[in-house]
Structure formats: C-alpha cells, structure tokens
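First the structure, in the form of structure tokens, and then the observations on it.
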Amino acid sequence: MVPAPSHPKWSMLVAGKIPYTPKLLGLKILMNVVSMNLKKDSSTAALEKNIGEVRAFFVQYESQLQDDISQIFG
C-alpha cells in the first residue's frame, strides 16, 4: 500500500534526501522533473504539489513498484 501524502518520507524522497534510483523509466523522468521544479521553487506549496505528483505515480503503478515502496518506506 502506498503511504499517505503526509508520510515524512515523501518530502525526503522528493527533496532528494533519500538515496533512491527508480527502476521504471517514467519514474526516473518524473523524479528529474520534480528535482528541477524544486530547484526553481522550494516553497511548501511547491513541495506539496510535487509530493502529490510523485505519490500519484506510485499509486498508479503500485503493482510494479512494490520493491521500491518497501525500499523507501519499509
């Protein structure tokens, strides 16, 4: 199960503070876009927006990301 958006590891993941290399190409691209977005705007609102986008990707591809979810949130 994908953790709630309020889980503290989401902000750490999106901010690049957790060592993580995505296996899915789409997620790699999304993480790069999020990283660039946060370099431009690191406000709380921008962080929350990017967490929402990354979490939505995890929800959509949850069956393919079980190992990743365990690695990050386990």
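Quick caveat: nothing in here was measured; it's all calculated off a predicted structure. Residues take their numbers from the sequence shown, with the count starting at 1.
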Mind checking the [atom1]-[atom2] spacing from [X] to [Y]? Nearest 0.5 Å is all I need.
{"X": "F58", "Y": "L27", "atom1": "CZ", "atom2": "CG", "result": "5.0 Å"}
{"X": "K40", "Y": "M36", "atom1": "NZ", "atom2": "CE", "result": "6.0 Å"}
{"X": "K49", "Y": "D41", "atom1": "NZ", "atom2": "CG", "result": "9.5 Å"}
{"X": "K23", "Y": "Q64", "atom1": "NZ", "atom2": "CD", "result": "12.0 Å"}
{"X": "M31", "Y": "I29", "atom1": "CE", "atom2": "CD1", "result": "13.0 Å"}
{"X": "S11", "Y": "L38", "atom1": "OG", "atom2": "CG", "result": "10.5 Å"}

Beyond-backbone contact of V2 with Y61, side-chain heavy atoms, under 4.5 angstrom: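 The answer is no; the side chains never approach within 4.5 Å.
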
Donor-acceptor contact present, side-chain R55 to main-chain P3, <3.5 Å: yes

W10 (side chain) donor-acceptor with A4 (main chain) under 3.5 angstrom: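 Yes, W10 side chain to A4 backbone: donor-acceptor pair under 3.5 Å.
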
Cluster link V33 to L13, ILVMFWY, side chain under 4.5 Å: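 As far as the 4.5 Å side-chain criterion goes, L13 and V33 are not connected within one cluster.
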
Atom pairs and distances, donor-acceptor, side-chain atoms in residues 67-74, under 3.5 Å, two or more places apart:
residue: D68; atom: OD2; partner: Y20; partner atom: OH; Å: 2.6
residue: S70; atom: OG; partner: Q66; partner atom: O; Å: 3.2

